[in-house]
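Notes follow once the structure below has been shown.
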Amino acid sequence: MKKFLSVLLSAALAASLMTACGSGNSASGSGETTPASQAETQADTAQTEAGAADTQSGDASADSQAPAATGEAVSIGVIQYMQHGSLDEAYEGFVDGLEEAGYVQGENLTIDFQNASGDTSTAQTICDNFKNSGVDLVLAIATPAAQSAVNVFDGTDVPVLFTAVTDAVEAQLVESNEAPGKNVTGTVDMPVISDQIQVIRDILPDATRLGILYTSSEANSEIQAQEAQAAAEALGFDVTVATASNTNEIQQTMTSVVGSVDAVYIPSDNGFASAMGTVNNIAVENQLPVFCAVEAMIQEGGIATTAINYYDLGKQTAAQAVRILNGESASEIPVENQENCGLVVNKTFAESVGVTIPEDILAKAVTVY
């Protein structure tokens, strides 16, 4: 990595603001900027002027101009904890974001993509292999994958990026969101959970009993579940929490709340996200309304949520990668989140479990399935 970094020392950075979910785009809500660099020889071009304008307005989108890549090859190891829609979208956004910045697979970019299939020991082995192969940078998708990557690369000069992580500090990936303190940074997907619980109340005003389901082995899910419980109780729900220790227990966990709750809420949980077919079947069979935290889960078997766009989150992470490839230290790049959370509704699934979504809710939705 040091070899090609020296080639890029002459690049000048032009900053453009990324959007963030909550209040500002650093995870702390401090309005951290994400640079979109241009070479000095392009300083007078329209692209540079556009980048400067975005810096002034603070409204740059995920496809803002990134620095042109050199011909020096870059090797990136990508570990995805398991396969499901949200994580897949984050990876696609990351690859597309790099390509827009000039890093193209098969030309000046090599990506070694590995899927841990939901197994932490496999994740550890994958990261060991990345270390032995000498990758220039690592992207870890989802909290367990990020924990493995940070553990393996701790004390090395190989930067680690993460995405689709709920709480980077709680997961001990960074010392703080503002100043990671390690050779690690990335993007988090913590939604405004109180808004998601409010959606349930808006659609089911007479519901009194809410089940919150998650995988107990996922720290990110537990954090969200605790916040969801507090938000639900504040809105008058009687909350029942049920957990599965792994994907094999999800059917049992779903069945255990049938008849005892009026609706179910599932946070951004990798285990449940990978088993939405099972969730959907049980929900339809028992006419049980299900609400989920992320759009991909809503699409497969949930009624509605205010959702993060994981593709855009991946592109946001790619912008961080470009900054690192241009010489910035990951330890000095704040952890970022995303703000563009839109209301997503699955009208078809809602009808399949006997729920009619009010017209005023449908009118607010940015996506209706």
Side-chain angles (χ1 to χ4, degrees), residues 1 73-99 103 105-106 109-168 170-174 180 182-189 215-221 245-248 268-275 296 310-311 313-318 320-321 324-325 330-331 335:
M1 185 171 182
V74 176
S75 173
I76 298 178
V78 177
I79 175 172
Q80 183 170 311
Y81 184 57
M82 63 170 56
Q83 183 174 8
H84 64 73
S86 299
L87 303 188
D88 294 345
E89 290 170 9
Y91 173 64
E92 292 168 6
F94 181 76
V95 173
D96 287 352
L98 287 177
E99 184 170 345
Y103 294 96
Q105 291 190 75
L109 173 65
T110 299
I111 293 180
D112 183 359
F113 176 86
Q114 299 292 328
N115 193 314
S117 300
D119 185 83
T120 54
S121 61
T122 300
Q124 186 81 12
T125 299
I126 290 169
C127 291
D128 285 333
N129 291 338
F130 286 162
K131 186 176 182 180
N132 293 334
S133 66
V135 296
D136 298 314
L137 183 147
V138 173
L139 171 69
I141 306 176
T143 300
Q147 289 171 323
S148 294
V150 170
N151 178 55
V152 169
F153 287 93
D154 184 39
T156 74
D157 62 356
V158 178
V160 174
L161 276 173
F162 56 79
T163 191
V165 165
T166 297
D167 190 327
E170 183 70 21
Q172 300 183 342
L173 302 177
V174 297
K182 305 176 183 178
N183 200 17
V184 179
T185 193
T187 57
V188 294
D189 62 357
T215 305
S216 59
S217 58
E218 295 190 34
N220 61 308
S221 300
S245 61
N246 55 57
T247 55
N248 294 328
S268 178
D269 182 281
N270 293 300
F272 274 86
S274 69
Y310 278 82
Y311 177 81
L313 195 69
K315 293 187 76 172
Q316 190 171 340
T317 315
Q320 292 178 314
I324 293 169
L325 296 175
S331 64
V335 175

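Treat the numbers as computed from the prediction; the structure is a model and nothing was measured. Numbers here are sequence positions counted from 1.
Closest heavy-atom contact between A296 and S86: CB-OG, 3.5 Å. I141 approaches A164 most closely through the heavy-atom pair CG2-CB, 4.2 Å. Contact record, I76 with V74: CG1-CG1, 3.9 Å, taken as the closest heavy-atom pair. Of all heavy-atom pairs spanning A149 and A140, the tightest one is CB-CB, 4.1 Å. S245 and T215 get closest at one heavy-atom pair: O-CG2, 3.9 Å. Taking all atoms of both residues into account, the shortest heavy-atom contact from I79 to C127 is CD1-SG, 3.9 Å.
Separation of atoms CD (Q114) and CG (N129) is listed at 7.5 Å; rounding is to 0.5 Å. Taking CD from Q320 and CZ from F94, the interatomic distance works out to 9.5 Å, rounded to the nearest 0.5 Å. Between the OG1 atom in T120 and the OH atom in Y81 there is a gap of 5.5 Å [rounded to 0.5 Å]. The NE2 atom of H84 sits 12.5 Å away from atom CZ of F272, with the distance rounded to the nearest 0.5 Å. Rounded to the nearest 0.5 angstrom, F113 CZ and I126 CD1 are separated by 9.0 Å. Between the OG1 atom of T110 and the OH atom of Y103 there is a distance of 13.0 Å, given to the nearest 0.5 Å.
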Begin with the C-alpha distance, continue with both residues' side-chain angles, and end with the deciding distance and a verdict on side chain to side chain contact (heavy atoms under 4.5 Å, CB included) for M82 and S117.
-> CA-CA 4 Å; M82 63 170 56; S117 300; 5.9 Å; no
Could you walk me through whether L137 and L161 pass side chain to side chain contact (heavy atoms under 4.5 Å, CB included), step by step?
-> CA-CA 8 Å; L137 183 147; L161 276 173; 4.1 Å; yes
Yes or no on side-chain hydrogen bond (donor to acceptor under 3.5 Å, both in side chains) for D96 and Y311, after CA distance, side-chain angles and deciding distance?
-> CA-CA 9 Å; D96 287 352; Y311 177 81; 2.6 Å; yes
After noting the C-alpha distance and the side-chain angles of V78 and D112, does the key distance pass the side chain to side chain contact (heavy atoms under 4.5 Å, CB included) rule?
-> CA-CA 6 Å; V78 177; D112 183 359; over 6 Å; no
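With a 6.0 Å radius and a threshold of 12 heavy atoms from other residues, nucleotides or ligands, Q83 has its CD atom at or below the threshold. More than 12 heavy-atom neighbours from other residues, nucleotides or ligands sit within 6.0 angstrom of CD on Q105.
Residue pairs that meet the ring-ring contact (aromatic ring centres under 6.0 Å, His included) test with at least one member in residues 127-162, sequence neighbours left out, do not exist here.
Although no hydrogens or angles enter the test, the distance criterion places no donor-acceptor pair under 3.5 Å between the side chain of T122 and the main chain of G118. Formation of a donor-acceptor pair under 3.5 Å by the S148 side chain with backbone atoms of P144 is found in this model. Looking at D136, its side chain does come within 3.5 Å of a backbone N or O of S75 through a donor-acceptor pair.
For the side-chain contact (heavy atoms from CB on, under 4.5 Å) test, residues two or more places apart in sequence or in another chain that qualify with T166 are D189, M190, N220, Q224. Remark: T125 pairs with no residue by the side chain to side chain donor-acceptor pair (under 3.5 Å) rule, at least two apart or across chains. Scored by the side chain to side chain donor-acceptor pair (under 3.5 Å) test, D88 finds Q80 as partners (sequence neighbours excluded). Take V150 and apply the side-chain contact (heavy atoms from CB on, under 4.5 Å) test, not counting sequence neighbours, and it matches V160, L173, K182, V184. Taking T185 as the reference, nothing meets the side chain to side chain donor-acceptor pair (under 3.5 Å) condition, with sequence neighbours excluded.
Under the side-chain contact (heavy atoms from CB on, under 4.5 Å) rule, T143 has a single partner from D167, V165, N270, which is V165.
Looking at S268 and Y310, their side chains do bring a donor and an acceptor atom within 3.5 Å of each other. Counted by atom type alone, S121 and D119 present one or more donor-acceptor pairs between their side chains at under 3.5 Å. In this model, a donor atom of one side chain and an acceptor atom of the other lie less than 3.5 Å apart for T163 and T187. In the model, S331 has no side-chain atom that pairs as donor or acceptor with a side-chain atom of N183 under 3.5 Å.
For the pair V152/Q124, a side-chain contact is recorded, criterion being any heavy-atom separation below 4.5 Å from C-beta on.
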